[in-house]
Amino acid sequence: MTTTSTTTTTTYCRLCPAACGLVVELDEFGEVAHLRGDEQHALTRGFTCTKGRHLAEFHRSPNRLRSSQRRTARGGFEALAPDLAVAEVASRLQDIIAEHGPESVALYTGTQAAMASLTLPFTLAFWKALGSSRRFSSMSVDQSAKWVADARLGRWAAGQQRFADADVWMLVGTNPLISMQGGGFTAFPIHDGMRRLDEERRRGLQLIVVDPRRTELATRADLHLQLVPGTDALLFSAILHTLLAEGLHDDEFTDRWAPGLDVLRAAVAPFAPEAVATRCGLTPGEIVAAAQMFGRARKGMVTSGTGPDMGPDSELAEHLIQAVNVVCGRFPREGDALTGTATLGSAKALPAQAVSPDRHWERAVAGVTGYRALNGEWPAVSLPDEILTESPTRIRALVVSGGNPAVAVPGKARMAEALASLELLVTVDPFMSETAALAHYVIAPMVHLERPDTTRSYEGLMDKPFAQYTAPVVTAPEGVIDDWNFFLRLAWAMGRSLKVAGREYVPGDAAPTTDDVLASFAGRGRVSLEELKGEPHGRLYFDLEPVRAAAPDPATKATFDVAPDDIVTALATLADDMDRVPMADSRLLLVVRRAKEVMNSTGTQINTLMRTPPNPCHVHPDDLARLGLSDGDAVSIRSDHGIIHSWVRPDTTLRPGVASMTHGFGGAGETDPEGAGASTNRLLSAQHHLQPVSGMPLMTAVPVELTAR
Ligand code: SF4
């Protein structure tokens, strides 16, 4: 539709996987004049969040980099053209690899690398082409306990049950209505999630939420267990105890797939609801009610977010959470429709059978900290030691894509020291982030509305067969480069081919366009990309048959290991130490909280998105009164590992004894810059309370003391 001076077009938001449909009005100069939710969008029906409605600010922010930057000898930065950036970075990487080998180069990827469909595949292909095994990501300061559980408990080849088929669902430590965390993690339908949840509940779904805060999700729950932060392992030991004691487990399933059930039964015997309820801050009746509501249902899973995985005992807690699904047989059986959809992606019927645990980390090479790679990734907290400690495989060059390790990883001072000591630090970042400020090269990428893209990479998170293509909506500044293209050109400049999605990109080939690559990715899909280009609001392909679980291999010997020795030992320690609670004194327990304005550190650069001042410390009014504090008071927040400064805000959704803030704010230096928000990272430790397998640091349920400033 065209008016005298504006043009209206449609696209979708790519700040998070919810892929909300947008209607964009462009002014006569082709700039975004107005942006709103697309009510005709087949999947999200007009929903947007505040970040999406501020999407244009990411483009026109004065902080946005419009050309790549090279550090100068005097410590400042100067602009350089994409071609020159590629050539110089390639040359320096070649030199480092020639002298020290490929293991001297490492990769760090953050959440934003997964938001455009081509970024992560090309980043990983580039790293693979280098021949290095040194990979780090934000997963290891987030949810690596899920990987440990997969490798120690086993997993179900056909994945998760579907929210849409369930009559019960238990969500632990997650608020997907805000975090938009669905898919392989929570299985929550994040697309237009609020309305979807209301629809599922009207259909009869019972919702159980486990969270120390009465979140937007918890207010819609049939049962909300508002537990003491950090007691997830105790709670799920008691839920397993109850399920097994009351015969609410699926014995046909466990007979076939969980031979260690009796060992688990004995290991959770000490955790009767009456024994753990007080420590969890619950009543025995609440724990029994949750176990019964879940166990008596026919279909539906327990899934978790970052809450239990950031807390103490996270590897044990996540094992027990996933073991509940095994004990109750809550996995898709032969013929059941599978989660995720295949429209632009290819359809693959996965067998309804267990995949035995492989405990692969035990065979991996240990790094200088003693930690080993998990799923091919090293703990992010070990990155500074791998950079600063002399060893044959010392990391000398780091490439960062879509992440900000200087802010995301606990142990800021040492991380900053390590990043500053690198021979080469290259980051792809649209803003001069804290990591970028330490880099030798900052590659300025295209952002959001400047790129063509498809929703293919989000299909694993969708429970409806949807697809959308978007053309670029606005013109990118001349000095930026699409990030997938940076990695392809960098590989070619180093004389290396990239293999991505079944196609090999060889130096000397004609340079592909983004549309060429998107077409190649969609080549094995079930819908035509060309046809999809004629669907301005995306399309739901209800005519496509759902992908269904295939029959198990009759010869398979694969089973879950619900009670391996290390889990039995951990449960025995927990039982012996049951009097221990995370808070041994009058301090508050600081828990992590998602904020609508940001996704991790993304959004903190947008002034109009930030509250003034950002990242308050939320505290229950009873605790404020006890501490003699009032709304808006400036406070110092001290943990065993550091001190930060913020201001308090009363919050009746918290249980008393709990404070709540958001990770991802603040700067990389000793103190947080004015207006940047307090960095909770300074309250955490990269040396203490690390999980034994994953090296995951304690990021929530951190004891803190609040004092007026
Ligand atoms: S950031 Fe907000 S508007 Fe954008 S996709 Fe996510 S939920 Fe939708």
Side-chain angles (χ1 to χ4, degrees), residues 9-25 32 34-61 64 110-117 119-120 138 174-183 185-186 188-198 215-217 305-306 402 430-431 446-464 466-470 472-474 536-538 593-606 608-611 662-664:
T9 188
T10 56
T11 183
Y12 62 92
C13 176
R14 285 154 268 173
L15 266 169
C16 91
C20 297
L22 299 174
V23 176
V24 184
E25 285 176 24
V32 177
H34 183 68
L35 193 148
R36 66 177 189 276
D38 177 4
E39 289 178 358
Q40 295 180 64
H41 193 261
L43 192 65
T44 59
R45 302 180 282 186
F47 174 82
T48 55
C49 77
T50 183
K51 292 187 291 297
R53 292 191 293 277
H54 282 78
L55 193 59
E57 307 299 328
F58 286 82
H59 292 254
R60 55 185 172 224
S61 165
R64 192 239 166 134
T111 312
Q112 285 302 311
M115 294 305 139
S117 61
T119 306
L120 198 54
S138 49
T174 183
N175 188 14
L177 294 173
I178 301 298
S179 68
M180 300 298 161
Q181 190 175 64
F185 293 116
T186 67
F188 184 85
I190 55 172
H191 303 95
D192 195 18
M194 199 84 80
R195 253 186 294 192
R196 278 297 310 280
L197 178 59
D198 290 343
T215 59
E216 291 80 352
L217 183 77
T306 53
F431 294 95
M446 289 183 186
V447 296
H448 313 292
L449 301 175
E450 292 160 2
R451 301 191 273 222
D453 212 336
T454 72
T455 49
R456 181 184 178 279
S457 62
Y458 302 152
E459 287 177 6
L461 310 178
M462 294 179 186
D463 68 344
K464 290 181 179 174
F466 174 83
Q468 186 167 5
Y469 166 85
T470 179
V473 171
V474 296
H537 311 286
R593 162 195 203 107
R594 295 281 184 177
K596 289 177 186 156
E597 301 81 15
V598 295
M599 183 176 187
N600 302 331
S601 60
T602 299
T604 56
Q605 314 86 350
I606 306 303
T608 51
L609 263 175
M610 291 297 97
R611 299 180 225 187
T662 303
H663 289 321

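Counting convention: from 1, in listed order, for ligands and their atoms alike.
When every heavy atom of Arg196 is checked against every heavy atom of Pro189, the shortest pair comes out as NH1-CB, 3.6 Å.
Ring orientation note: the planes of Phe466 and His41 are tilted relative to one another, at an angle of 30° to 60°.
Checking each of Arg53, His54, Arg36 against Thr48 for a side-chain hydrogen bond (donor to acceptor under 3.5 Å, both in side chains) leaves exactly one that passes, namely Arg53. The only option from Asn175, Leu217, Thr174 that meets the side chain to side chain contact (heavy atoms under 4.5 Å, CB included) definition with Phe188 turns out to be Leu217.
At distances below 3.5 Å, not a single donor-acceptor pair connects side-chain atoms of Arg64 with backbone N or O atoms of Pro430.
For the pair Arg45 and Phe47, the NZ or CZ position fails the cation-pi test of under 6.0 Å to the six-membered ring centre and within 45 degrees of the ring normal.
Protein N, O or S atom count below 2.8 Å of atom 8 (Fe) of ligand 1: the structure gives 1.
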